[in-house]
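Worksheet: the structure to be examined is printed underneath.
Here the structure is a predicted model, which is why all the values come from computation and not from measurement. We count residues from 1, following the sequence as given.
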Amino acid sequence: MASKSFKASRSNLSSTSSDVLDSQNGRPPLPPHVTFARRTSSGRYVSYSRDDLDSELGSTDFLNYTVQIPPTPDNQPNNQVSQKVEEQYVSSSLFTGGFNSITRAHLMDKVIDSDSNHPQMAGAKGSSCSVNGCDGKVMSDERGNDILPCECDFKICRDCYMDVIKTGDGICPGCKEQYKTTDLDEVMENWKTLPQLPPPSGMSKVERRLSLMKSTKSALMRSQTGDFDHNRWLFETKGTYGYGNAIWPKEGGFENGKDDSIAEPTEFVSKPWRPLTRKLKIPAAIISPYRLLIAVRMIVLGLFLTWRIRHPNNDAIWLWGMSVVCEIWFTFSWILDQLPKLCPINRATDLNVLKEKFETPNPNNPTGISDLPGIDIFVSTADPEKEPPLVTANTILSILAADYPVEKLACYVSDDGGALLTFEAMAEAASFANIWVPFCRKHNIEPRNPESYFNLKKDPYKNKVLSDFVKDRRRVKREYDEFKVRINSLPDSIRRRSDAYHAREELKAMKEQRQKKDDEPLEVVKINKATWMADGTHWPGTWLNSSAEHSRGDHAGIIQVMLKPPSDEPLCGTSDDSRVIDFTDVDIRLPMLVYVSREKRPGYDHNKKAGAMNALVRASAIMSNGAFILNLDCDHYIYNSQAMREGMCFMMDRGGDRICYVQFPQRFEGIDPSDRYANRNTVFFDGNMRALDGLQGPVYVGTGCLFRRVALYGFDPPRSKEHSDGFCSCCFGRRKKHTAIANSPEENRALRVGDSDDEEMNLSLAPKMFGNSNILIDSIPVAEFQGRPLADHPAVKNGRPPGALTIPRDLLDASTVAEAISVISCWYEDKTEWGQRVGWIYGSVTEDVVTGYRMHNRGWKSVYCVTKRDAFRGTAPINLTDRLHQVLRWATGSVEIFFSRNNAILASSRMKVLQRIAYLNVGIYPFTSIFLIVYCFLPALSLFSGQFIVQTLNVTFLVYLLTITVTLCALAVLEVKWSGIELEEWWRNEQFWLIGGTSAHLAAVFQGLLKVMAGVEISFTLTSKSAGDDDDDDFADLYIVKWTSLMIPPIVIMMVNLIAIAVGLSRTIYSVIPQWSRLLGGVFFSFWVLAHLYPFAKGLMGRRGRTPTIVFVWSGLIAIIISLLWVAINPPEGTNQIGDEGAITTNSSSDILVATQEMQKANYFTFVMLINMAPPDLIQGNITFLMPNDKTLSKTDMADTLVVDFLLRHSIPSPLLIEHLVHFPTGSFVPTSRPGFFFKVTNVGRRQFFLDNVRVISPNICTKGTSIRCHGIDGVVQPTMIPQPNLPPTSPPCSTSASGPVAAAPLPTPSPPALAPSISPAPVTAPPASIVGVSRPKSSSSHMCNAGVVNLVITLLMWAVW
């Protein structure tokens, strides 16, 4: 706890104590190099000024001694018995208060309906006070035994004892004698000896209470820390204590026979310095090809985009334009995501070295008391309906049982809803911890969450060696079952209790009304229905029936110490304890547990979770002031009991003072085996976060994070200007250190705010940052000092001396808790920097990312700690709707970040470039949804229009596409290698990327824009932690379909692509010239979209066994109906509508009209005149015109009788685009509309395509119609004449008999004439030609045959998808 004597300025800490100086008057002169000092609450030695001592500086041959003056019997700072009594009172009182209200301490005889039997717990059972008229509880010690200050063993409570001390002259009410002693140690001697862990051999109790004196020789002094190296210890041991004397070694100690030297113990000579952590680099065989592939893919993407821009699709320029824009954005987004992955690393910790340095007896810590800093653990909850109290209680139990020094651990539960249900559930958890925590310590239980432990699938008896384990486990399991029943019955119990008290209050009010008004008619008495606690008083928080000052947004601040701070010495169980399990030689102490519900009032912005976290930061600084803070969600429990030790290895290692937080990966339980919606998110936690660890550190993800307290306070890291790294520390070296910084005192750089390294934190101005709590401000330097690493190596800068944190913490008193009440009030943050620079940052629903960004922006580093056994485990929503809402909240926060000053573009120079790119990607990734949803519709648009994103599927496009796909797959394989994930997890992540991108991310963009532009606030509901109603199925929630508007875009995308595939198939099959390449491209990308949306489709279907068969039947029928309707409404080119052969003439006339209009727009007016001069029945569709321009035709002599012959010679009897023509190889022949004449093809590419003597210069002029195409040529063509043989007509395909007479037989493929030996053209099959003026109708059986094939394919497709 923060020391109240800590002044506002650190310069006052070294002031001279007049009391000590006065005590030296009349004493002999002091030795020349003896320095007197006092020890602060942080463990630091503060020297008194030498100027006030009559001494002279001698030579450096003398030894300098630092002597601590401990509290003596005649100089006690406080009465120890009074402090213990005060702490007992605090732990049994419920503190409330807030804005414009008095802070009250309500002494609770009963916290829960069940008995409280642990001595540390609030409301624990005990003896009653023997003073007449008092029914208070007698004071008790750590074990629960009564504290009796008088030898007569008169039982007295805390209040009566304080009255006797203050007003009764210290006279015992029992024996009427004055209390002989108030020293707790002397009082304890009269009691039965308590079993303790064996102390270090050869040390008395008094000597264990004294800290070891330091002896240093200036010649051996280290420049940075003022201490020795391990190999040059001057080891001193026991001696006598007195003014002016140090602890000298006894005779026969470690002397080596010489008068002026002292030998070194062998165990300290041979021990080299060992680091606590190690970096494990990725093998070069994996990371080098990975980086090379990234570079190759970036080059290929650049070339591909260049090629795409230079080769537009003139037939569908809109389709090409949308696709190119989307591809450019996807490339940009991929680069942002991939660049930070260039330097992934792994890390490892050494817990044995941590134990050796901090918990093993050594010269600076002879007793072996833990020298680790304190940790305050925050657990946040807000709604007991969506966050079940049993889940929160199990999280609390796993924290209380963690493998960390009990006296250094404190747990704070933030109940932002102020619910009595949560309060009593925490009290029940504290009661059950009395048996659960010692059981875990005795048998080394893992995990230490009882629900998870008792549900383990593996053998629980593996590696258990104690004979009573089976019996103990059976008893604890029974106790836990009873505990669950009590937790589950709390809602009904609270409701019944409140109803009973309410009925009593109504009867009491009616009775009083009758007494006042005997003759008048009685009115109905209206009393607010309150919520009552177990001790028969009103609950100060939220009532079940909300009322003024007792609603979810309007209630007082509440603090209840559920478990008071444990004793400093281990407290072992005994065989005569009234427990169900024998805990002999097992430490039964429990960490401090505090229930906190901050004050809420109307009109104040409480800032959701970030505001609750900041309230806990302030309250914990007042009550325990742990140097580090671990925050957990209520559903994330400690799965590895040594997780905090692993995180502490990074904080306490060399350079650890520059680490702001250690982020642990999130692991989840209760996920379906296939992980349908990528809930485990392993690609992010094992891939992206490991990669960021190689830069400036991982981002903060909201839970499972160990913070340095001073980093949350908004201070800059030590030596911030020395660590101005360049582009990437793994690629470029660091700059030279600033000489002025290196020479400045370390103490002046410990707490620094601003850009100047010479600027010292002036705590007199601290109220502007931290508020007006002096205790909170005084605790800041203490927390900073306690969080420093050990100064046990020359390279350790800004370190603390070993053994500085072995002193006990101060006891809690009522004034301290009252101060904590004031700092959690709703007004405390007014006109301060809380939420702006200090604590969790406000203004975004993703306050976690912004908070971590601010720390990195100030120059701090973070570390990613992946433990062999998962550090923490939690739950994740497996329901599709809940998962989408969770992703929506994250994406909305990212959009808010992008439009705020927290945009990485505005980051300071202290943030590395690649780290900045990573944060930029965090703010930009939701905008990818706009381009993604457009790109998902492009395949359907391609199939509907008959076009594609490229002009033709040529070799260049296919090579680019293949290269991009192969490099992507290769990168995925290598990423799987260095991250440790599986390919299936990678594929699930890709699938949900598209699902979330087309639903939640798109909605997040609109919501973020509304907030930024219109100021519309965004409200989100908590993600439910409860499972489905089916108790027999662990994954029942997976099959629950809860409708949300976020599902609309993915459903539309799926339906449109399915219909487009059906339409594309029917169009291709019914076309005269099937365009299989375009169909293949469209169908391929449509299946790519549908494959990514497959988990979404499964989620809509619910449970497979419960889906009616009629759903599948109707899905197939609907697909058939849609395909038939499309073909009937928009028949393919060259065909008529089904069952309507009389529409040929009408369609041909409309096509001619449309074609002539397109010719006129292209300035081919003369050719249009020639068409108008031709007979009306000459042109009836299925034709391609080759049009000379007006200038060429003006030079051509043509009689009226030759117009028809000219048109026939300049046309092909089939509608062919240039894409069709370019498939004819050089030397092949294409028939003209006039029988016997052919065009000889010379194909040198699209731009050099010749038909006989002319070149196609303006392709695809007529494209709107269905049966007429036209191209511009550069001259008048002279076709080649080839005689035609007489061949019989052919029958239509798929028909057994002709459905009607054939007017004219199509011309067969002509045989080319004899050519020169050097020319060997490849044979080609010409398209079917029809005589101009005659159409070849298809039989109805042909239509039905093709339609049946299409329907069969579509039905099978729908069945496969669903």
Side-chain angles (χ1 to χ4, degrees), residues 277-280 282 337 340-341 343-349 351 377-379 395 398-399 402 446-447 449 452 628-651 659-671 675 677-707 846 848-849 851-852 856 861-878 886-887 890 915 918 922 975-982 984-986 988-989 992:
T277 61
R278 292 176 296 126
K279 274 187 180 180
L280 305 177
I282 307 297
D337 180 69
K341 295 182 180 180
C343 308
I345 62 170
N346 293 319
R347 298 182 187 268
T349 59
L351 296 180
I377 304 180
F378 296 168
V379 179
T395 300
S398 70
I399 294 172
E446 293 287 353
N449 176 328
S452 299
F628 297 96
I629 295 173
L630 173 66
N631 87 292
L632 297 173
D633 289 342
C634 65
D635 60 329
H636 271 72
Y637 68 92
I638 298 179
Y639 188 75
N640 182 355
S641 62
Q642 293 188 327
M644 285 177 285
R645 292 180 179 269
E646 301 242 16
M648 203 55 62
C649 287
F650 295 101
M651 294 294 191
I659 297 176
C660 57
Y661 61 82
V662 176
Q663 178 66 59
F664 295 86
Q666 292 187 23
R667 307 302 186 197
F668 302 101
E669 293 179 337
I671 306 297
D675 194 12
Y677 306 123
N679 294 96
R680 292 190 176 92
N681 214 356
T682 53
V683 173
F684 173 76
F685 287 114
D686 291 333
N688 298 62
M689 297 288 271
R690 287 179 193 264
L692 291 176
D693 198 15
L695 305 177
Q696 202 170 340
V699 298
Y700 168 44
V701 295
T703 184
C705 189
L706 182 66
F707 282 98
T846 53
D848 45 6
V849 177
T851 302
H856 286 140
K861 292 184 178 180
S862 60
V863 167
Y864 196 54
C865 181
V866 182
T867 57
K868 292 183 180 179
R869 178 183 177 87
D870 295 343
F872 308 99
R873 283 194 178 182
T875 58
I878 61 175
Q886 183 186 57
V887 175
W890 297 342
Q915 187 80 14
V922 170
E975 189 170 332
V976 164
K977 286 288 186 180
W978 63 255
S979 64
I981 62 177
E982 298 179 359
E984 183 182 2
E985 295 173 332
W986 178 85
R988 286 283 183 243
N989 182 79
F992 195 79

>> So, taking the atom named CD1 in Ile345 and the one named CG in Leu280, what distance separates them when rounded to the nearest 0.5 Å?
In response: 8.5 Å

> Do the side chains of Lys868 and Asn640 get nearer than 4.5 Å, heavy atoms only?
Replying inline: no

> Quick check: does any side chain N or O of Thr277 sit under 3.5 Å from a backbone N or O of Cys649, one acting as donor and the other as acceptor?
Replying inline: no

> Mind checking what makes salt bridge (charged side-chain N to carboxylate O under 4.0 Å, His left out) contact with Asp870, not counting sequence neighbours?
Replying inline: Arg667, Arg873

> Of the non-hydrogen atoms in Val699 and Met689, which two are nearest, and what is the gap between them?
Replying inline: O-CE, 3.3 Å

> Just by modelled atom types, is the Thr703 backbone N or O under 3.5 Å from a matching donor or acceptor in the Gln663 side chain?
Replying inline: yes

> Between Phe872 and Leu630, is any pair of side-chain heavy atoms under 4.5 Å apart?
Replying inline: yes

> Of the non-hydrogen atoms in Pro698 and His856, which two are nearest, and what is the gap between them?
Replying inline: O-CE1, 3.2 Å

> Between Tyr661 and Tyr700, is there a donor-acceptor pair closer than 3.5 Å when you use the side chain of the first and the backbone of the second?
Replying inline: yes

> For the residue pair Ala691 and Pro340, what are the closest heavy atoms and their distance?
Replying inline: CB-O, 3.5 Å

> With side chains defined as the heavy atoms from C-beta onward, is the minimum distance between Phe992 and Val887 less than 4.5 Å?
Replying inline: yes

> Could you state the interatomic distance from CZ (Phe685) to CZ (Arg690), rounded to the nearest 0.5 Å?
Replying inline: 12.5 Å

> Can a salt bridge be assigned to the pair Glu446 and Arg869 using a cut-off of 4.0 Å between side-chain N and carboxylate O?
Replying inline: yes

> Donor-acceptor pair, Asp693 side chain versus Pro344 backbone, under 3.5 Å?
Replying inline: no

> Can you tell me how far CG of Asn989 sits from CZ of Phe684, rounded to the nearest 0.5 angstrom?
Replying inline: 10.5 Å

> Going by heavy atoms in the side chains, are Glu984 and Asp675 under 4.5 Å from each other?
Replying inline: no

> Of the non-hydrogen atoms in Gly687 and Ser979, which two are nearest, and what is the gap between them?
Replying inline: CA-CB, 4.0 Å

> Ignoring hydrogens and geometry, is there a side-chain-to-backbone donor-acceptor pair from Asn346 to Ile282 under 3.5 Å?
Replying inline: no

> If you measure from CZ on Arg988 to CG on Asn679, what distance do you get to the nearest 0.5 Å?
Replying inline: 11.0 Å

> When you measure from the side chain of Thr682 to the backbone N and O of Ile981, does any donor-acceptor pair fall under 3.5 Å?
Replying inline: no

> Which heavy-atom pair separates Phe628 from Leu706 by the least distance, and what is that distance?
Replying inline: CB-CD1, 4.0 Å

> Is there a side-chain contact between His636 and Thr395 (heavy atoms, below 4.5 Å)?
Replying inline: no

>> Nearest 0.5 Å, please: how far is OG1 in Thr867 from CZ in Phe664?
In response: 7.0 Å

> Please walk me through it: do Leu351 and Glu646 pass side chain to side chain contact (heavy atoms under 4.5 Å, CB included)?
Replying inline: CA-CA 7 Å; Leu351 296 180; Glu646 301 242 16; 4.1 Å; yes

> Going from NZ on Lys861 to CD on Gln915, what distance comes out if it is rounded to the nearest 0.5 angstrom?
Replying inline: 10.5 Å

> Do the side chain of Ser398 and the main chain of Ile638 share a donor and acceptor less than 3.5 angstrom apart?
Replying inline: yes

>> Are the side chains of Thr349 and Phe650 in contact, using a 4.5 Å heavy-atom criterion?
In response: yes

> Are Leu692 and Tyr864 close enough that some pair of their side-chain heavy atoms sits under 4.5 Å apart?
Replying inline: no

> Hey, mind stepping through Lys279 and Arg347 against side chain to side chain contact (heavy atoms under 4.5 Å, CB included) and telling me if it holds?
Replying inline: CA-CA 5 Å; Lys279 274 187 180 180; Arg347 298 182 187 268; 3.7 Å; yes

> Gly647 and Val662: which non-hydrogen atoms are nearest, and at how many Å?
Replying inline: O-CG2, 3.9 Å

>> With a 4.5 Å cut-off on side-chain heavy atoms, are Gln666 and Asn681 touching?
In response: no

